[in-house]
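First comes the structure, then the notes that go with it.
Just so we're on the same page: letters track the sequence lines, and every chain starts at 1.
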Protein chains: 2
Amino acid sequence: MATIQDVARSAGVSTATVSRVLSAPGRVAEATRARVLAAVDSLGYSPNVAAKMLRTLRTQKILVTVPDISNPFFSQVIRGVEEAASAAGYSVLLGDTRHEPEREDQYAAMLRRKEADGLIFLGHRLSDTLAEMAAALGPGAPIVNGCEYSPALGVSSAHIDNEKAATEAMAHLYALGHRRVGVVTGPLASPLSRDRLAGVRAAARTAGAVEGLAVATGDFSVEAGAALARDLLSTAAPPSALFCFSDEMAMGALAALRGLGLACPRDVSLVGFDDIRFAAYLDPPLTTVSQPMAEIGHETVRLLLEVLSGEAGAARHVTLPHRLVIRASTAAPVA
Amino acid sequence: MATIQDVARSAGVSTATVSRVLSAPGRVAEATRARVLAAVDSLGYSPNVAAKMLRTLRTQKILVTVPDISNPFFSQVIRGVEEAASAAGYSVLLGDTRHEPEREDQYAAMLRRKEADGLIFLGHRLSDTLAEMAAALGPGAPIVNGCEYSPALGVSSAHIDNEKAATEAMAHLYALGHRRVGVVTGPLASPLSRDRLAGVRAAARTAGAVEGLAVATGDFSVEAGAALARDLLSTAAPPSALFCFSDEMAMGALAALRGLGLACPRDVSLVGFDDIRFAAYLDPPLTTVSQPMAEIGHETVRLLLEVLSGEAGAARHVTLPHRLVIRASTAAPVA
DNA sequence: CTCGTCGATGTAATCGATTGCATGGGTAGC
DNA sequence: GCTACCCATGCAATCGATTACATCGACGAG
């Protein structure tokens, strides 16, 4: 690998000049610049990142942690993150925390050691040490939350209006005439689930159907969706519609329905959440709340770059638009 | 951030000793070591990676490129990669190439600039510049192929026996009594698809059903699965069974079937490939070839570490076990 | 003609680690 | 008691960039 010294020698200038050509082109004379650039590409020179990093304390890397990369929802958000990051000249360090605190801490340590310029965390869990860091640095902390929104942390975030989205989904069911609705949530430790649940309750109140509401707490997995749907449908007065907080759980619910000999939407209507790319291909095609996953990814990067550029004022919470996509899994209940 | 100097001062030793305590603990006296370690954690010291990297030319990072991170198959492999890498003290740089050559080149450049110690690429495409590098360095090139296997490249790889797996899937259909089988492949530029296709042909010959074979070339997407299944089923003598080279395409095929008013498996049997975690939850649950995705990820890391440790002999091609999982989407054809 | 200014470039310190070589004290062998 | 060796440790060069400061020449003003 050619070093800056080689380039300097070959162009007959000092390393300082080479460095300037590459980072502050205006400060060097036209002729010299041309000579240096010629040397640069005749030698195929490109700066050693470690040396640059050591000197500048900038890594040009963004750490992204996610509770489960194999979850299609998250992987689509990550795709958006990667796209925006690489467009801005950053690369992405991936951390799959598997919901394990030790792994969260491990990645938190990477940020503290400044192995990355910033952190985007998807989900609601942030390692304690980073929570302290965020509290200490305020909005200057290079940490952004994606998909979720935790006011207590004081970091910027990008997400949809979960409460409103859930309200709309429920309103759709009530408008079709459903009165008894079963809801399968995500873990209630997550603000996102609580927001959606609040939306659910609000809709039920508006519809005067609070009595008919049955809530089960899931964890976003297919398995949980199947198990909890089975429970909800096995009660004395089973719901005529189910609302699952993820499409993955809705897939599980769909399988459970069939297992019980029920048809969707004839016997039970079903609404999912996320609009992962399989939702439209299920049988029946799933009515669901569509989230702009790529956009959420892009936006988290934008917010992080804002902090990194030092222009950050207060933490910002960006709400991106969602959309209730009505497909064939919802219908009026049979009287 | 505390530096090694701070630790040295605080422990009353030289930086050389501190460095040795941390990397070659045997070479320093017990008492000194204890003193240094005490200083290390009283100061909360951890080595600056940039400095270490500059000095040692090792980054402790693995670059992983993938054609589409939002594909559940790949994201599960990546999960395995991340797990094994982090267990070995490496972090993962993620590159989503989106099948675009420019992005492949961009990440190839990262490797050449030594921003990562090695590359694991999933899929069959390797940037030309890296292919040259692999050719030049032979098995010493820190490049490993996951999921696929390209003999021409001369790099190690981890994958299943695609030909055999495809043969088994087809044999299953023939054993059930199917004679006309439609196959939806992946892009034939990929050796993996060609291997599977070879397996398909071999099975057809064995069953004496070459005549009944109809092949369509897809691209692993749901959309392609739906479109091509529709085509295959709309011919004069439509197949009684379909074999798709990905579960995602099988999902599309399933939707297409329904669109044509056909039932699975009554009218058409269906076999997928991969066994992504939704396969069991489809209606009907999908018969498919299960790939050990996490294992593939682990194995690629193992192979790469082998190269990095310098003990690599020839390139190794590790074949991991697959398994045909028979669920409800396949049955004997109605006479 | 001289001085001040400015633009272009060079000099060298610096970032924080690793590591080959030097050093010095202790011990074993004779 | 002297030599030889070894073990633990320190000294200082080094990795490859960035950048504050110094230098130098040209040019315009007075």
**Message:** Under 4.0 Å, heavy atoms only, any strand: does B/V49 hit a base, just the sugar-phosphate, or nothing?
**Reply:**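 Touches nothing.
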
**Request:** Answer with base, sugar-phosphate or nothing: what part of the nucleic acid does A/G12 contact at a heavy-atom distance below 4.0 Å?
**Result:**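 Touches sugar-phosphate only.
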
**Crowding at CZ, B/R27 (>12 non-hydrogen neighbours, <6.0 Å)** =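 Counting neighbours around CZ of B/R27, 12 or fewer heavy atoms of other residues, nucleotides or ligands fall under 6.0 Å, so no.
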
**Request:** Using a cut-off of 6.0 Å, state whether more than 12 heavy atoms not belonging to B/R316 lie near its atom CZ.
**Result:**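 No, the 6.0 Å shell around CZ holds no more than 12 heavy atoms from other groups.
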
**Prompt:** Is A/E115 salt-bridged to A/R113, cutoff N-O under 4.0 Å?
**Reply:**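 Counted as a salt bridge, because a side-chain N and a carboxylate O are separated by less than 4.0 Å.
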
**Request:** Go along nucleotides 14-21 of chain C 5' to 3' and tag each nucleotide: B for a protein heavy atom under 4.0 Å from its base, S when only backbone or sugar atoms are that close, - otherwise.
**Result:** BBBBBBB-

**Request:** For the pair B/R277 and A/D68, evaluate salt bridge (Lys or Arg N to Asp or Glu O under 4.0 Å) and give the outcome as yes or no after the intermediate values.
**Result:** CA-CA 13 Å; B/R277 68 176 191 241; A/D68 178 5; 3.8 Å; yes

**Message:** Checking B/E104 against B/R125 for the salt bridge (Lys or Arg N to Asp or Glu O under 4.0 Å) test, could you report, in this order, the C-alpha distance in whole Å, the side-chain angles of both residues, the deciding distance, and whether it holds?
**Reply:** CA-CA 8 Å; B/E104 288 165 10; B/R125 300 197 31 117; 2.9 Å; yes

